Amino acid sequence: MKTIEYFARQLTHYINVLLGAVCSTILVVLVSCMTYQVTARNFLGGSSTVLDEFSQILFMWLILLGGVYAAGLKRHLAIDFIANKLPFGIKFWLDKVIHAITITFASLFMVYGGRILMQKSAFVSQVTPALRWHMEWIYVVMPIGGILLIYYSLFHIFYSSINK
């Protein structure tokens, strides 16, 4: 059991480092694009539609991956003032139920729904207007985020069972 726990902790650490680096990189590129957009609009009289579209894509990726990263670190917004007043046993099981709901949401809407969205956009050869990128590669963040959210929820269920 200690080997599985060690492996899960190490894997989670590497996923955290990777997601943190990806989100930080996206944020730096996004801020750079937006800085150029504002500068170009105010001083050059126009802005780039390509950078505008690229910024929208980066923003979508940042929201989805950043939300999963925050949930994985248990730093997401949680309204837990009622849960904190519950006895430990009830709070323990409530946490498991919440993670089970999260796994259900991520499975249905992010992984399954994201896959359907990718398939439909590939079927109709949908591309972005300015960049001309295939939309299935833009939407791939949904199943990726869903899989990571499922992993984090399973990790937290597993970890809370070991350390209760």
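Predicted model only: the values in this text are computed from it and were never measured.
Sequence neighbours left out, the pairs with a member in residues 83-108 that pass salt bridge (Lys or Arg N to Asp or Glu O under 4.0 Å) are K74-D95. Listed by first and then second residue, the side chain to side chain donor-acceptor pair (under 3.5 Å) pairs that reach into residues 14-32 are N16-Y152, sequence neighbours excluded. A side chain to side chain donor-acceptor pair (under 3.5 Å) check over residues 105-117, counting only residues at least two apart or in different chains, returns nothing. Pairs of residues two or more places apart, or lying in two chains, never qualify as salt bridge (Lys or Arg N to Asp or Glu O under 4.0 Å) while including a residue from residues 116-141.
Across all non-hydrogen atoms, the minimal contact from G145 to V68 is O-CG2, 3.4 Å. Here the closest heavy-atom approach between residue T39 and residue T35 is recorded as OG1-O, 2.8 Å. Contact between Y139 and P143 at its shortest, heavy atoms only, is O-CD, 3.3 Å. Between Q37 and S47, the shortest heavy-atom distance links the atoms OE1-CB, 3.6 Å.
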- Message: Please evaluate residues T12 and Y151 with respect to the criterion side chain to side chain donor-acceptor pair (under 3.5 Å), reporting the C-alpha separation (whole Å), side-chain torsions for both, the decisive distance (0.1 Å), and the verdict.
- Response: CA-CA 9 Å; T12 303; Y151 171 78; 2.7 Å; yes

- Could you go through the side-chain contact (heavy atoms from CB on, under 4.5 Å) check for L148 and L19 one step at a time? CA-CA 10 Å; L148 290 171; L19 264 179; 4.0 Å; yes

- Apply side-chain contact (heavy atoms from CB on, under 4.5 Å) to Y159 and E5, showing your working. CA-CA 8 Å; Y159 182 70; E5 181 183 359; 4.3 Å; yes

- Item | Pair T104-F109, side-chain contact (heavy atoms from CB on, under 4.5 Å): steps then yes or no | CA-CA 8 Å; T104 303; F109 294 107; over 6 Å; no

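Among residues two or more places apart in sequence or in another chain, the side chain to side chain contact (heavy atoms under 4.5 Å, CB included) test is passed with L27 by V31, L62. With sequence neighbours excluded, the residues satisfying side chain to side chain contact (heavy atoms under 4.5 Å, CB included) with T128 are E53, I57, L131, W133, M135, I138. Annotation: side chain to side chain contact (heavy atoms under 4.5 Å, CB included) contacts of L58 (sequence neighbours excluded): I26, V29, L30, F54. With sequence neighbours left out, the ring pair (Phe, Tyr, Trp, His ring centres under 6.0 Å) criterion links Y36 to no other residue. Residues forming a side chain to side chain donor-acceptor pair (under 3.5 Å) with Y69 (at least two apart in sequence, or on another chain): none.
Residues I144 and M110 are not in side-chain contact: their nearest non-hydrogen atoms beyond the backbone lie 4.5 Å or more apart. Side-chain atoms of H134 and W137, non-hydrogen and from C-beta on, do get closer than 4.5 Å to each other.
Cluster partners of I157, using a side-chain heavy-atom cutoff of under 4.5 Å among ILVMFWY residues and allowing indirect links, are I103, V111, I147, I150, L154. Applying the under-4.5 Å side-chain rule to Ile, Leu, Val, Met, Phe, Trp and Tyr, the cluster around I90 extends to L86, L94, I98. Grouped by direct or indirect side-chain proximity (heavy atoms under 4.5 Å, Ile/Leu/Val/Met/Phe/Trp/Tyr only), I101 sits with V97.
Interatomic distance, L51 CG to C33 SG, rounded to the nearest 0.5 Å: 5.0 Å. Taking CE from M142 and CE from M60, the interatomic distance works out to 8.5 Å, rounded to the nearest 0.5 Å. Distance check, rounded to the nearest 0.5 Å: CD1 of I4 to CZ of R9 gives 13.5 Å.
Annotation: F155, atom CZ; neighbour count of heavy atoms from other residues, nucleotides and ligands within 6.0 Å is above 12.
Hydrophobic cluster membership differs between M118 and I116, with clusters built from Ile, Leu, Val, Met, Phe, Trp and Tyr side chains linked at under 4.5 angstrom.
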